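As the structure is a computational prediction, the values presented were derived from the model and not from experiment. Every chain is numbered from 1, with letters handed out A, B, ... down the list of sequences.
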Amino acid sequence: MIKDHVMKRAGPWLRVVAGSASFALPTILGIVILNFLFLQLLPGDAVDVLAMRSGSATVESISALRVQTGLDQPLSGQLAAYLSRLAHFDLGVSTQYHLPVADIIAARLPDTLLLVGGALGLAVVLGLLLGSVMASLAGRWIDRMLSGLLMLIYSTPGFWIGLMMILLFSVKLGLFPSAGSATIGTRLSGLAALYDKAAHLIMPMTALSLFYTAVYARLVRATMIDVLRQDFILAARAKGLHPVTLIRRHAIRNALIPVVTVAGIHLGNLLGGAVVVETVFGWPGMGRLAFDALLSRDFPVLLGVLLLSSILVVAVNALADVLLGWLDPRILTE
Amino acid sequence: MERPMIASRKLGSPVKDGIAFFKESGYLSLTVGGAVFAAIVVTAAAARLLFPGDPTDMVTTPLLWPGQSGLFPLGTTSLGQDVAAGLVWGARASLQVGILAAAVGLLLGLVAGTLAGYCGGWIDAVLVRVIALFQTMPPFLLVVVIVAIDEPTLRTISLAIGLAGWPTVARLVRAQVRSLRQAEFVLAARCQGYGTTRIVLGEILPNALPPVIATVSVLVANAILMEAGLSFLDMGDPNIVSWGSMIGAARDTLRIDWYLAVLPGLAIALTVLSLNLVSDGLTEVLSPRRRAAP
């Protein structure tokens, strides 16, 4: 009886999670196969790049390398081998560094998550804040000024904003370090290390997040203006709620719904856009890793990064689905 | 629902009312954005007349600051190239990529979205999966990989950016077509014995297009931003000056000759801003609420 009851309560949630999972697995498999075939279209392979770099390659050494890396096998065989290795959670070995791909990616993962996750989080929080302020002061000069400013940010490439930040905050003011993810040559620990990380993180994170901050603020403003016109808000206002409480308790949940919906999709854009921002700030993230792997035709690394990116996007989208169900329980009963 | 901005308008002189209406209705941003964008298009089209030489040629002393020489009002790069010429020729590259990429994305998105939305069934199921597939891959990485597959020419870059941009259009068109598929005027057209092609092209698409039209200028804007990032990373067409490659080249001298990075960045921002203003204006002008109002 009790179990039935629990199942009934948990039913809709399970459906959401199961729905996401049943959609996610074929998507990820599709992405793996698509990426694999895609990369075969690239002119040249890892052996060509290695041979070019060594400068002393012979026909024999090249064909030996091809056998060693499995690149002499037919395409279907290579794909089957890759999939079977993936099924054993083996991402392969980098043709460039001769290290397991999993290790290379794992070394970059914390900094990537910090940069991309921080940027997305910052964008959502700032977007909600700015959007709420603009919606509750709609039509006043603060709203107009912020709208104009956000429109400008929305139109400016993030990497250029990053360069301008380096120019202002690093070169002119000397406030923040202009490159890297930690001060080189120091063995900091505890609070000092945390502070050092934050000082390195703040500019790339802001540069990456500003575009999305503008997107979310505009979205929240538009949604909240609609919400603030509804009857339940009038009722809440009539019982004498403070305007800030009104927004915090009653309006923000509604305004969050479109933001959560698009934020899941935006994670992919952020992971891609991170390539340029990581280049500007010399941030050792996955984007830059993928770009370098592409240039040296290091397909195992590139495939690994693409796979992990897709898994992250799918996972965050599933999380967004659950969050949407919590924000608007009506979604669960549909 | 009553539009508060109209409700709050006080009765005043017809001129003031006219100006207020112009500002509120979206025509202001449409006009300003459209005018700026048109000016940029004209400048880009006249590049050959304004700066007949090759913008990559060395023409004078390197690293002249803006205003230092009357002949080169915006200064010169570290290779002695005219910055003004680079900006004007860069506008050509940006606009070409932007418009071509938007066309590719729009065409693919329209076809896929209409098919999925109108046919439903397994076609819809398959297309929704393909859209999800494309939206799961980081678009910028996808573009970089496609450009690396082929030569980095303007055509390849546009195609790649279009391929990354179509899912947005497809989703929008699909939702619109789905909601219109069973509309009364479509049923009426079906009762008249119209063929599927005529119903889709003549009845559904014209009514589904307004939000898509506003998306077009955002597509162009995003394509320009993406091209800038691409050429900043040195993945652009090496034979063509583009704003992104100018910023990329300026990185080495950022500490002292920062104008070299500032100017092309401002050019990108102005162009993209004008397109976003057009999009905002169009959204407002084409919104059904407005059309329903007397």
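The neighbour count for A:Asp292 CG, taken as heavy atoms of other residues, nucleotides or ligands under 6.0 Å away, is above 12. Heavy-atom neighbours of B:Ile256 CD1 from other residues, nucleotides or ligands within 6.0 Å: at or below the threshold of 12.
The choice from A:Val313, A:Leu167, A:Leu271, A:Thr156 that makes the most heavy-atom pairs within less than 4.5 Å of chain B is A:Leu167. Note on B:Gly244, B:Ala164, B:Pro264, B:Gly265: by heavy-atom pairs under 4.5 Å with chain A, the leading option is B:Gly265. Interface summary for chain A: among B:Ile268, B:Leu233, B:Asp150, B:Leu266, the most heavy-atom pairs under 4.5 angstrom belong to B:Leu233. Contact count against chain B (heavy-atom pairs under 4.5 Å) is highest for A:Gly272 among A:Gly158, A:Gly273, A:Pro26, A:Gly272. Contact count against chain A (heavy-atom pairs under 4.5 Å) is highest for B:Ile247 among B:Ile247, B:Leu230, B:Asn222.
The two residues A:Thr279 and B:Arg251 come nearest to each other via the heavy atoms O-NH2, 3.2 Å.
Looking at A:Leu152, both its backbone and its side chain come within 4.5 Å of chain B, counting heavy atoms on both sides. Contacts between A:Ile153 and chain B at a heavy-atom distance below 4.5 Å are absent for every atom of the residue. In this structure, chain B has a heavy atom under 4.5 Å from the side chain of A:Asn35, while its backbone stays farther away. With a threshold of 4.5 angstrom between heavy atoms, A:Met151 approaches chain B through its backbone and through its side chain. Using a 4.5 Å cut-off between heavy atoms, A:Leu294 touches chain B through its side chain atoms alone. Interface residue A:Leu34: only side-chain heavy atoms are found under 4.5 Å from chain B.
Within residues 269-278 of chain B, the residues having any heavy atom under 4.5 Å from a heavy atom of chain A are, by residue number, B:Ala269, B:Val272, B:Leu273, B:Asn276, B:Leu277.
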When the side chains of residues 129-148 of chain B are checked against the rest of the protein, which donor-acceptor pairs come out under 3.5 Å, sequence neighbours left out?
from, atom 1, to, atom 2, distance (Å)
B:Arg129, NH1, A:Phe23, O, 3.3
B:Gln135, OE1, B:Arg171, NH1, 3.0
B:Thr136, OG1, B:Ala132, O, 2.5

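Between A:Tyr154 and B:Val218 the shortest side-chain heavy-atom distance falls below 4.5 Å.
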Using side-chain contact (heavy atoms from CB on, under 4.5 Å), reason through B:Met235 and A:Phe291 one step at a time and then give a plain yes or no. CA-CA 10 Å; B:Met235 292 287 283; A:Phe291 190 70; 3.6 Å; yes
